[in-house]
Structure formats: structure tokens, C-alpha cells
Novice: 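Please see the structure below; I have some questions.
Note: hydrogens, waters and symmetry copies are ignored here, and every other heavy atom, side chains too, is used. When a ligand or atom number is given, it counts from 1 through the structure's own listing order. The chain is numbered in sequence order, starting from 1.
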Amino acid sequence: MKIKGKHEHTIWVNENDNALIQVFDQRYLPHRVDIFDIRTTDEAAFAIKEMVVRGAPLIGVTAAYGMYLGCIEAKDKERPNLFLAEVATKLNDTRPTAVNLSWAVHKQLNALHKIKDPQEKIKVAFDMANQIKQDDINISKHIGKFGVEIIKQISEKKKGEPVNILTHCNAGWLATIDWGTALSPIYHAQKEGVPIHVWVDETRPRNQGANLTAFELGEQDVAHTLINDNTGGHLMQHGMVDMVIVGTDRTAGNGDVANKIGTYLKALAAHDNNIPFYVGLPSSTLDCSIMDGVKDIPIETRDENEVKYMQGKVDGEIKSILICPEATPALNYGFDVTPAKYITGLITERGICEASEKGIRSLFPEKYD
Ligand code: MRU
């Protein structure tokens, strides 16, 4: 996807230095397009924890490159495999809900543990990280190709009137490498000339909708309107939403979907108004070791100051302002879980399926092994 008309990925290896991984610093978008350098495993962990990068698929790819940097750091260590296990724990501990993180770290560990030669280790980890990145691009593209068919069907019924799609948080290309998950069908619809309009939930407290989704849709010239988090239900009651598409940070084997806090309430409102509610799901986000998502998916609790303060641009500078009494305590869960019964379908890279064990098994039987 594009920033200022130039095609970009969210993460890349510096063209002159293979040991330098670079990302867009998402903490300052849309006000500043800064690049953040990742040279060490500590910097990779910092980038994930502090949300320099965020979004389950991008977190996974960053962790994969983090393991590669770990191999570079491991080459002078007496016990390289022990050191790599410690790096894996450090990366895994940064954010507990997005399962792509541990998925990517384990993929690297499995490939690396038998290799003795340090240079060979580095090469295998580098190739693996590049492969995970490339696979993510292909997966997002396929989610778009399948998902656009749903938008086209709605468009036909609306006889060419714009299809109004509501989305929560940011599950666009900034949450992945390219295309996005929830937004990929939208970008494909735009490419195919299907008229669309997107309702963008601001997504308090970190405002991924206002800061990131609005930014990336704008850069792609997709028609959109920012709404506060409480508006969706009202729009749905008045026929102003044709479908909802969200992403996911972890989907359990029974089809329950963990996504940014507030997603569940949108699903309830969609259900009450007979509005289809879809989830863009890359298989790297499936966790079939959990069969009851509501009960067992770990939910990240973040710093209370993310709720108490809001960040924005004031007089040309990015500033934080306190929005409640200083002493007020705040609670900040990052995610909630939408039960499978409220989900119309999962749009995956292998097709669309029901949000249920049966549905997921029909496309990804190997995930239950
Ligand atoms: O806390 P974040 O910004 O990493 O959370 C991301 C989300 O919850 C997104 O909605 C997304 O759907 C998951 S990543 C495609």
C-alpha cells in the first residue's frame, strides 16, 4: 500500500545493512512519518511492547526478525541455544494476546535448535524471517480476494449505492506488511471499482482507528468517515451500516475471536440489527490449543495512563493531555473476545468459513493436530 503515493511495506531490511531492520514508527502516525531502527533484540522487544509496531501479523514478523537479530547476538555466546531461548522469552513476554508473536518465535526456534554453525544459524533465521514476511503479504492478499466477493454481493443488492462498512481498530496494511486483513477486501473492492465507504471507529484508548485506519484509507483515497466508539450502534439502527469487518489478534479453535477492546459490543449491535459481522483471519492468528476463547484467551492489560491521557497534535507538536482527575484510577484491557455465535464468517487465505470448529477444520484441519 502507499504513503504519499509511494508503495511501502511496514517492515524491511535496510538495503545496505542486513543487520538493520526498519519500521514505520506507528506511535507518531498520522502526524509524523518516522522510521524506527531495530538493531538488537532489546530494540525488537521495545518496538513490540511500546507499539512502535502493532497489529498481530506485523508483531509476528517483527518477532521473527528479532529472532534473527538474536542469532547475530548469539554467535559470541558460550551457549547460543540457551541465549536464543532467553531471547524467545523476552519477545514472547512483550504482548500476550496476539498469538502471531509466539507462533513466529516458535517457527524460528524449531528451525534453529539443531543448527550448530553460528553463521548457518544467522542465515536460516534471516531466510525464515523473510519467508514469514512474504507469506503474510500473500495471506493478506488472498483474504482480500475472498472478502471482496461479499462486498460485491452487497453492492449488487444496493444497485451500485456505496457499501457502508464499519471497522474497529486498525486491521489494515499497517497492522500487517501489505494489504491488511479486515481492510484487504476493502482495498480489493476499490481496485475493482465497487463503490464503498468506511465508518472508522476511533478505537480508544490508543486511537488506532483515528490515527492509523483513517490515515491509511486517506493515503489510498478510500472514502471514509471517523466516528467515536459509541456511534456504531446508532448507525446500524438507521440502516447506515451494510457490514462490519474486523481483524483478530487470536482466534480460538471454537471460532471465538479476540480483537481490540470494544469489538464485542460492535458484534452485539450488529447481531441485534441483522448486519453481517465478518473477521479477516490469517491462519497465523489461529490458536486451536484453546477451544473456549472467551474463557481462555489471555487478555493484555496495559498502562492506565493510556486511558487517562490522550495524544494529539497541538500547535504543530505531538503532545499528551490528561483527560480526568490526576488521582482517578483507570483500567485498561487491550482486547475482548467476541463469541463465535455473533460472527457471520471468517475470511481466511483459504476461503470463507463458519466461525466454529467445523468451519475452521474444513479449511485448516492441520491446526487441530
Ligand atoms: O493493540 P494493537 O493495535 O496491536 O491491536 C490490533 C488489533 O486489535 C486490530 O484490530 C487487529 O485486528 C488485529 S491485527 C490485524
Novice: Any N or O on K260 sitting closer than 3.5 Å to an N or O of ligand 1?
Specialist: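 Looking only at distances, the answer is yes, because the N/O contact criterion of under 3.5 Å is met.
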
Novice: Quick one: look at T176 and ligand 1, take heavy-atom pairs under 4.0 Å, and tell me if it's side chain, backbone, both or neither.
Specialist: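 Neither part.
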
Novice: With a 4.0 Å cut-off on heavy atoms, does R206 reach ligand 1?
Specialist: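 R206: no contact with ligand 1 (<4.0 Å).
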
Novice: Please determine which of K2, Q220, E219 meets the side-chain contact (heavy atoms from CB on, under 4.5 Å) test together with W173.
Specialist: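 It is Q220, the one option of K2, Q220, E219 that forms the side-chain contact (heavy atoms from CB on, under 4.5 Å) with W173.
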
Novice: So for ligand 1, is C169 a polar contact partner (N or O within less than 3.5 Å, distance only)?
Specialist: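 N/O-N/O distance below 3.5 Å does not exist for this pair.
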
Novice: Which atoms of ligand 1 have any heavy atom of P57 under 4.0 Å away?
Specialist: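 Per the distance check, 14 (S), 15 (C).
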
Novice: Please list, in number order, the atoms of ligand 1 under 4.0 Å from a heavy atom of R95.
Specialist: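 Taking each heavy atom of R95 in turn, ligand 1 has 1 (O), 2 (P), 4 (O) under 4.0 Å.
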
Novice: Establish, from distance only, whether the side-chain atoms of Q311 and N211 form a donor-acceptor pair under 3.5 Å.
Specialist: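 Distance-only check fails for Q311 and N211.
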
Novice: Between the side chains of D37 and Q22, does any donor sit under 3.5 Å from an acceptor?
Specialist: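 Yes, side-chain donor-acceptor contact under 3.5 Å.
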
Novice: Do any heavy atoms of V246 fall under 4.0 Å from ligand 1?
Specialist: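 No heavy atom of V246 comes that close to ligand 1.
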
Novice: If the cut-off is 4.0 Å to any non-hydrogen atom of G247, which atoms of ligand 1 fall inside it?
Specialist: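 In order of numbering, the contacting atoms are 12 (O).
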
Novice: Closest non-hydrogen protein atom to atom 11 (C) of ligand 1, residue and atom name please, with distance?
Specialist: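 For atom 11 (C) of ligand 1, the nearest protein heavy atom comes out as N259 OD1, 3.4 Å.
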
Novice: Does E366 CD have over 12 foreign heavy atoms under 6.0 Å away?
Specialist: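 Correct, the count exceeds 12.
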
Novice: Out of all atoms in ligand 1, which are within 4.0 Å of some heavy atom of Q208? Include the element for each.
Specialist: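 Result: 1 (O), 2 (P), 3 (O).
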
Novice: How far is atom 14 (S) of ligand 1 from the closest protein heavy atom, and which atom is that?
Specialist: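 Of every protein heavy atom, A56 N, 3.1 Å lies nearest to atom 14 (S) of ligand 1.
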
Novice: Where does A98 meet ligand 1, judged by heavy-atom distances below 4.0 Å: at the side chain, the backbone, both, or neither?
Specialist: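 Answer for A98: neither.
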
Novice: Is the shortest distance from a heavy atom of G334 to ligand 1 less than 4.0 Å?
Specialist: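 It does not, in that no heavy atom of G334 comes within the 4.0 Å cut-off of ligand 1.
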
Novice: For N130 and Q134, test the side chains for any donor-to-acceptor distance below 3.5 angstrom and give the result as yes or no.
Specialist: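 There is no such pair (donor and acceptor under 3.5 Å, judged by atom type) between the side chains of N130 and Q134.
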
Novice: Would you call R32-D25 a salt bridge at under 4.0 Å N-O?
Specialist: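 Between D25 and R32 there is no salt bridge, as every charged N stays at least 4.0 Å from the carboxylate O atoms.
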
Novice: Looking only at the side chains, is there a donor atom on one of T248 and N259 sitting less than 3.5 Å from an acceptor on the other?
Specialist: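 Looking only at side-chain atoms, N259 and T248 do not form any donor-acceptor pair under 3.5 Å.
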
Novice: Distance alone, cut at 3.5 Å: any donor-acceptor contact between the side chains of T203 and D201?
Specialist: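 No, D201 and T203 have no side-chain donor paired with an acceptor closer than 3.5 Å.
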
Novice: Count the heavy atoms belonging to other residues, nucleotides or ligands that lie under 6.0 Å from OH of Y333, then report whether that count exceeds 12.
Specialist: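 It does not: Y333 OH has 12 such atoms or fewer within range.
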
Novice: To which protein heavy atom is atom 15 (C) of ligand 1 closest, and what is the distance rounded to 0.1 Å?
Specialist: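 Atom 15 (C) of ligand 1 sits closest to the protein heavy atom T181 OG1, 3.4 Å.
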
Novice: Under 4.0 Å from any heavy atom of A171, which atoms of ligand 1 are there?
Specialist: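 Matching atoms, with element in brackets: 11 (C), 12 (O), 15 (C).
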
Novice: Pairs under 3.5 angstrom only: tabulate donor-acceptor contacts from the side chains of residues 155-163 to other protein residues two or more places apart or in another chain.
Specialist:
residue	atom	partner	partner atom	Å
K158	NZ	P162	O	2.8
K158	NZ	D242	OD2	2.8

Novice: Could you check whether any heavy atom of M51 sits closer than 4.0 Å to an atom of ligand 1, since that is the contact criterion I want to use?
Specialist: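 Yes.
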
Novice: Please determine which of P205, P329, C324 meets the side-chain contact (heavy atoms from CB on, under 4.5 Å) test together with V307.
Specialist: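 Going through P205, P329, C324 one by one, the side-chain contact (heavy atoms from CB on, under 4.5 Å) with V307 is satisfied by P205 alone.
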
Novice: Among all the protein's non-hydrogen atoms, which is closest to atom 8 (O) of ligand 1, and how far away is it?
Specialist: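 Nearest neighbour among protein heavy atoms for atom 8 (O) of ligand 1, to 0.1 Å: D249 OD1, 2.7 Å.
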
Novice: Quick one: side-chain hydrogen bond (donor to acceptor under 3.5 Å, both in side chains) pairs with a partner in residues 66-78, sequence neighbours left out?
Specialist: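 The answer is T41-E73.
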
Novice: What part of N170 sits under 4.0 Å from ligand 1 if we count only heavy atoms: the side chain, the backbone, both or neither?
Specialist: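 The answer is the backbone.
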
Novice: What atoms of ligand 1 come within less than 4.0 Å of a heavy atom belonging to F335?
Specialist: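 Counting from 1, the qualifying ligand atoms are 1 (O), 5 (O), 8 (O).
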
